[in-house]
**Student:** 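Encoded as structure tokens, here's the structure I'll be asking about.
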Amino acid sequence: MLKLLNLLKDGRFHSGEALGAALGVSRSAVWKQLQHLESELNLTIHKVRGRGYQLAVPLNLLESHAIAAFSQGAQWPVFIHEEIDSTNAEGLRLAGKGQAAPFLVLAERQSAGRGRRGREWVSPFAENLYYSLVLRIDGGMRQLEGLSLVVGLAVMRTLQAFGLADVGLKWPNDVLAGGRKITGILLELVGDPADVCHVVLGIGINVNMQSSDQIDQQWTSMRSETGRVVDRNQLVALLSQQLQHELARHRRYGFAAFQEEWEQAHLWQGRKVSLVAGTTRIDGVALGVDGQGGLRLEVDGVEKSFSGGELSLRLRNDS
Ligand code: BTN
């Protein structure tokens with residue numbers, strides 16, 4: 001199917017005969033594959049007698065040579081999938097099979113994209129970015145401290161470089177644009193954090209998606225914010241460059257070096273918030289983050305720190 005998509009991605013008309021010849025199949029087999037593309041990938045294909053077939057919207061597919069063309073300096077090895085259950089899951093599998101880290105897993109779509117707190121990450125074909133960077137950590141819990149917050153900062157800087165103005169962070173690692181979610185970050189770990197482990201930095205960015213009836217929270221995309229279609233290969237290159245820079249700084253100086261910068265980017269700094277974990281709720285005022293990336297809350301006049309993957313922050317009605 002990818003071969004057929006690559007032939008059609010320019011958004012021009014292609015005759016059934018030419019497509020069949022290029023794929024080495026009959027015209028009726030081309031027809032079947034086209035129907036499959038439409039139903040499986042939710043793509044619209046115009047069929048015009050005498051002219052052939054045309055994708056309603058040209059496609060910008062992920063390609064390693066295109067990423068390389070946008071990249072400056074060293075790049076991580078990249079595995080690109082047309083479809084995968086989850087790029088995070090694939091990253092963990094590859095690490096388990098001995099693939100040397102760092103490496104990158106990308107996909108055009110995910111059939112079981114993982115979000116925080118057991119939620120699904122909506123992952124339509126070729127519209128967004130599903131990006132998992134796998135790192136090896138050798139015996140240093142400190143290298144994990146605040147790591148997901150550093151990833152949030154790197155994503156925020158990348159979005160700013162693409163011209164998004166009103167972007168900021170929400171503890172622990174949501175990136176918001178115009179107050180709506182544009183990126184989700186999910187870190188997953190395998191191995192022994194006190195010895196050798198692999199961590200997957202999973203990043204989902206809403207890029208060119210303009211509608212979805214599956215998302216149950218306020219969301220936006222880069223295209224909706226800027227009015228421009230974003231080249232996802234360029235986005236991969238810039239995000240990787242930004243991550244390389246911030247991860248090196250984090251390795252060297254730890255999260256404490258990011259604390260102030262992170263608090264400046266925190267959209268709910270000084271606001272009245274509720275910290276929710278299951279049915280438990282703690283009300284307080286968001287003071288910032290501690291040296292390990294935990295949330296500092298003022299609760300009944302006392303400063304307390306909180307951390308944990310199951311926690312989520314909400315703005316209080318009276319904030
Ligand atoms: C969140 O719920 O906010 C986190 C969402 C993380 C989604 C990304 S998409 C790439 C990577 N692969 C996954 O299965 N999840 C992460």
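Keep in mind that the numbers below use all heavy atoms, side chains included, and drop hydrogens, waters and symmetry copies. In each ligand, atom 1 is the first atom listed, and ligand 1 is the first ligand listed. Residue indices begin at 1 and follow the sequence shown.
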**Student:** Identify, chain by chain and in numerical order, each protein residue with a heavy atom under 4.0 Å from an atom of ligand 1.
**Tutor:** Ser86, Thr87, Asn88, Gln110, Gly113, Arg114, Gly115, Arg116, Trp121, Tyr130, Tyr131, Ser132, Asp174, Lys181, Gly184, Ile185, Leu186, Gly202, Ile203, Gly204

**Student:** Suppose we screen for ring-ring contact (aromatic ring centres under 6.0 Å, His included). Which residues come up paired with His266, at least two apart in sequence or across chains?
**Tutor:** Trp262

**Student:** Under a 4.0 Å threshold between the charged nitrogen and the carboxylate oxygen, would Glu82 count as salt-bridged to Lys3?
**Tutor:** no

**Student:** Please list, chain by chain and in numerical order, all residues satisfying salt bridge (charged side-chain N to carboxylate O under 4.0 Å, His left out) with Arg49, sequence neighbours excluded.
**Tutor:** none

**Student:** Between Glu298 and Lys272, does at least one N-O distance fall below 4.0 Å, as a salt bridge requires?
**Tutor:** no

**Student:** Determine, for Glu188 against Arg114, whether the closest basic-nitrogen to carboxylate-oxygen distance falls under 4.0 angstrom.
**Tutor:** yes

**Student:** Who passes ring-ring contact (aromatic ring centres under 6.0 Å, His included) against Phe79, sequence neighbours left out?
**Tutor:** Phe103

